[in-house]
Novice: 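First the structure, which I've put down as structure tokens, then a few questions once you've had a look.
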Amino acid sequence: MTILQPITPEGCGCDRRDTLKTLLSVDDALALIHAGTTAITGSEMLATGLALGRILADPVAALQMTPPFDNAAMDGYAVATSSLSGPGPWHLPVTGRVPAGQAATPLSGSQASRIFTGAPIPAGADAVVMQEDVHRTGSTIRIDHRPKPGLNIRRAGSELAAGALVLQKGRRLGTREIAVCAAAGASQVRVRRRLRVALLVTGDEIQQAGGDRSAAQIWDVNTPMLRAALTRPDIELVAVETGLDSRDGLFLQIAELTEMADLLITTGGISVGEEDHVKPALTAMGAEIIFSGVAIKPGKPISFGQVRGAKWLGLPGNPLSAFITWHLFGEALVKRMTGEIGHGVARRHVVISQDILRKPGRCEFRPAYFTGFDPHGREVVGIEPETHSSRVAGLSMASGLIYLPADAEILPAGALVEFQPFCPN
């Protein structure tokens with residue numbers, strides 16, 4: 001096959017023009033998630049060091065200026081530059097010693113104080129000469145080059161002013177943000193309560209991975225995969241269940257789960273087949289289906305709504321489809337519900353290492369892995385020759401998804417495409 005050959009339809013009907021007209025674009029679906037969702041209420045106070053991964057409910061401001069006093073930027077000798085008269089070298093008696101954490105004795109005239117990193121600058125001194133630039137003999141030092149005022153001194157308030165806003169409400173606390181909170185003097189932070197999530201995986205054919213299975217059964221990928229995705233500090237996974245195999249059973253199961261959760265995530269059962277019971281069960285209990293079906297490959301059945309006070313995200317049953325739609329829509333929904341601000345992991349452009357020939361109609365996201373750089377220094381990614389919604393074996397190699405526009409049929413090797421890195425685990 002050459003890249004000039006057209007792609008013929010596969011016969012599934014997913015990309016028929018009349019079908020595509022009823023499907024939302026990815027951007028429109030994300031906009032509906034954003035418009036139809038507000039942040040959960042409720043918060044708690046946590047020790048700053050225990051708040052990793054949580055979302056700030058209140059902004060953080062500096063309690064005092066940082067540093068709180070002028071201090072030495074390195075080990076050396078504190079001197080008064082005004083006392084160094086005439087041309088050098090200068091010989092000064094060492095009359096004091098200032099370790100970090102101790103008050104300094106004022107400096108008088110042509111004297112020097114031994115000083116260590118972080119120690120307060122003695123009154124009367126206006127420079128710290130690093131120890132490598134000093135020759136010491138007994139209790140006297142020799143300085144050969146005139147230091148400038150302010151040399152190697154960290155000024156009080158040079159990092160943070162008292163009351164300065166350091167982190168906004170809605171910021172996710174990573175190790176860097178926790179460092180900032182500590183520098184601002186915040187021993188505790190107020191964070192949003194954890195988002196309560198229930199996971200319901202449907203499919204009569206699935207069995208626990210590694211267990212016995214019949215000739216018509218497959219191992220369950222979605223449960224451990226999504227449990228792992230939902231195991232994070234800002235989420236409380238209140239239930240993980242396998243869907244019952246009847247519409248009435250699912251009705252009762254969903255009703256119970258929505259009582260305990262802010263967000264219900266289901267996999268499978270959202271297409272139009274006779275064995276797809278999730279949407280009928282939701283409809284029977286008065287759920288609002290905000291959208292069902294997005295012009296995306298894989299993952300077209302992705303659905304979103306709300307039922308009995310809980311949001312609902314319906315992921316497809318095929319594992320790769322579930323993974324990709326969780327990455328694109330689930331992460332965005334959780335971010336919105338937890339009140340997290342920021343754009344997250346941004347897309348960037350990369351170069352593809354091989355020709356891509358595809359059937360236009362739906363935009364497509366494919367797992368991609370880095371192979372190196374081209375002669376222009378641009379990142380190059382490789383992909384599998386085809387995307388199969390049920391296959392996840394290649395995910396361990398992938399570091400993100402490339403985005404192929406709906407109308408793109410031929411993309412030659414070396415073409416630029418958008419790349420969206422996976423969110424950190």
Side-chain angles (χ1 to χ4, degrees), residues 39-40 42-79 96-107 113-132 147-195 232-235 334-335 338-346 421 423-425:
I40 56 174
S43 63
E44 60 179 321
M45 292 294 293
L46 286 181
T48 299
L50 300 178
L52 182 67
R54 301 296 293 271
I55 310 300
L56 279 175
D58 289 334
V60 176
L63 293 181
Q64 299 175 347
M65 63 179 177
T66 301
F69 48 83
D70 293 351
N71 67 91
M74 57 185 60
D75 293 350
Y77 292 85
V79 299
R97 186 175 186 275
V98 194
Q102 294 187 17
T105 302
L107 200 63
S113 284
R114 180 74 167 109
I115 195 167
F116 298 89
T117 304
I121 301 297
D126 64 351
V128 172
V129 183
M130 62 188 297
Q131 61 187 16
E132 291 85 353
K148 294 181 179 180
L151 179 68
N152 297 323
I153 293 178
R154 301 172 181 147
R155 293 299 184 188
S158 59
E159 182 177 5
L160 293 173
L165 178 67
V166 296
L167 290 175
Q168 294 182 333
K169 171 184 176 180
R171 188 72 177 264
R172 176 182 292 277
L173 293 171
T175 52
R176 292 169 294 177
E177 289 77 14
I178 286 175
V180 170
C181 289
S187 62
Q188 291 186 313
V189 288
R190 182 168 293 281
V191 297
R192 289 190 183 273
R193 69 167 174 85
R194 294 192 294 167
L195 180 70
R232 41 192 274 187
D234 57 338
I235 287 177
V334 168
K335 186 173 181 177
T338 58
E340 182 182 356
I341 60 173
H343 299 291
V345 182
C423 296
N425 291 331

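Only a predicted model underlies this, so the values are computations on that prediction, with no experimental measurement involved. The residues of the chain are indexed from 1 along the displayed sequence.
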Novice: Say you draw a straight line from CG of L167 to CZ of R176; how long is it, rounded to the nearest 0.5 Å?
Specialist: 11.0 Å
Novice: Picking from L52, V191, D234, I341, what satisfies side-chain contact (heavy atoms from CB on, under 4.5 Å) with R172?
Specialist: D234
Novice: If you compare all heavy atoms of A51 against all heavy atoms of L46, which two are closest, and at what distance to 0.1 Å?
Specialist: CA-CD1, 4.2 Å
Novice: With rounding to the nearest 0.5 Å, note down the distance linking OG in S158 to CD1 in I153.
Specialist: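 Interatomic distance, S158 OG to I153 CD1, rounded to 0.5 Å: 11.0 Å.
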Novice: In this structure, which one of R54, R192, R193 forms a salt bridge (Lys or Arg N to Asp or Glu O under 4.0 Å) with E44?
Specialist: R54
Novice: Just checking Q64: does its CD atom have more than 12 heavy atoms from other residues, nucleotides or ligands closer to it than 6.0 angstrom?
Specialist: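 Result for CD/Q64: open.
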Novice: Only one of P59, C181, S43 forms a side-chain contact (heavy atoms from CB on, under 4.5 Å) with V189, so which one is it?
Specialist: C181
Novice: Show the numbers, then the answer: is there a salt bridge (Lys or Arg N to Asp or Glu O under 4.0 Å) between D70 and R155?
Specialist: CA-CA 5 Å; D70 293 351; R155 293 299 184 188; 2.9 Å; yes
Novice: Do you know which two heavy atoms are closest between P147 and V79, and how far apart they sit?
Specialist: CG-CG2, 4.2 Å
Novice: Give me the atom names and distance for the closest heavy-atom approach of F69 to G118.
Specialist: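 It is CE1-O, 3.8 Å.
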Novice: Crowded around R114 CZ? As in, over 12 foreign heavy atoms under 6.0 Å?
Specialist: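 Above 12, so yes.
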Novice: Can you name the closest pair of heavy atoms from A346 and P421 and give their distance?
Specialist: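 Taking A346 first and P421 second, the nearest heavy atoms are O-CD, 3.4 Å.
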Novice: Can you tell me how far the CG atom of D126 sits from the CD1 atom of I121, to the nearest 0.5 Å?
Specialist: 9.5 Å
Novice: Donor-acceptor pair, distance only, cut-off 3.5 Å: does the side chain of N152 make one with the backbone of M74?
Specialist: no
Novice: Tell me which one of V128, V129, N71 satisfies side-chain contact (heavy atoms from CB on, under 4.5 Å) with I115.
Specialist: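 Passing option: V128.
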Novice: Using modelled atom types only, decide if a donor and an acceptor are shared between the side chain of R97 and the backbone of S113 within a distance under 3.5 Å.
Specialist: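 Checking the backbone N and O of S113 against the side chain of R97, no donor-acceptor pair under 3.5 Å is found.
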Novice: Quick check for you: to the nearest 0.5 Å, what is the distance between D75 atom CG and T117 atom OG1?
Specialist: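 Taking CG in D75 and OG1 in T117, the distance rounds to 4.0 Å.
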Novice: Under a 3.5 Å distance rule, please check whether T66 uses its side chain to pair with a backbone N or O of L160 as donor and acceptor.
Specialist: no
Novice: Under 4.0 Å between a side-chain nitrogen and a carboxylate oxygen: does that hold for D58 and K169?
Specialist: no
Novice: Answer yes or no: is there a side-chain heavy-atom contact under 4.5 Å between E177 and L56?
Specialist: no
Novice: Is the backbone N or O of G96 less than 3.5 Å from a side-chain atom of T105, with the two atoms forming a donor-acceptor pair by type?
Specialist: no
Novice: Which atom pair, heavy atoms only, marks the closest approach of P122 to V98?
Specialist: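 Where P122 meets V98 most closely, the heavy atoms are CG-CG2, 4.1 Å.
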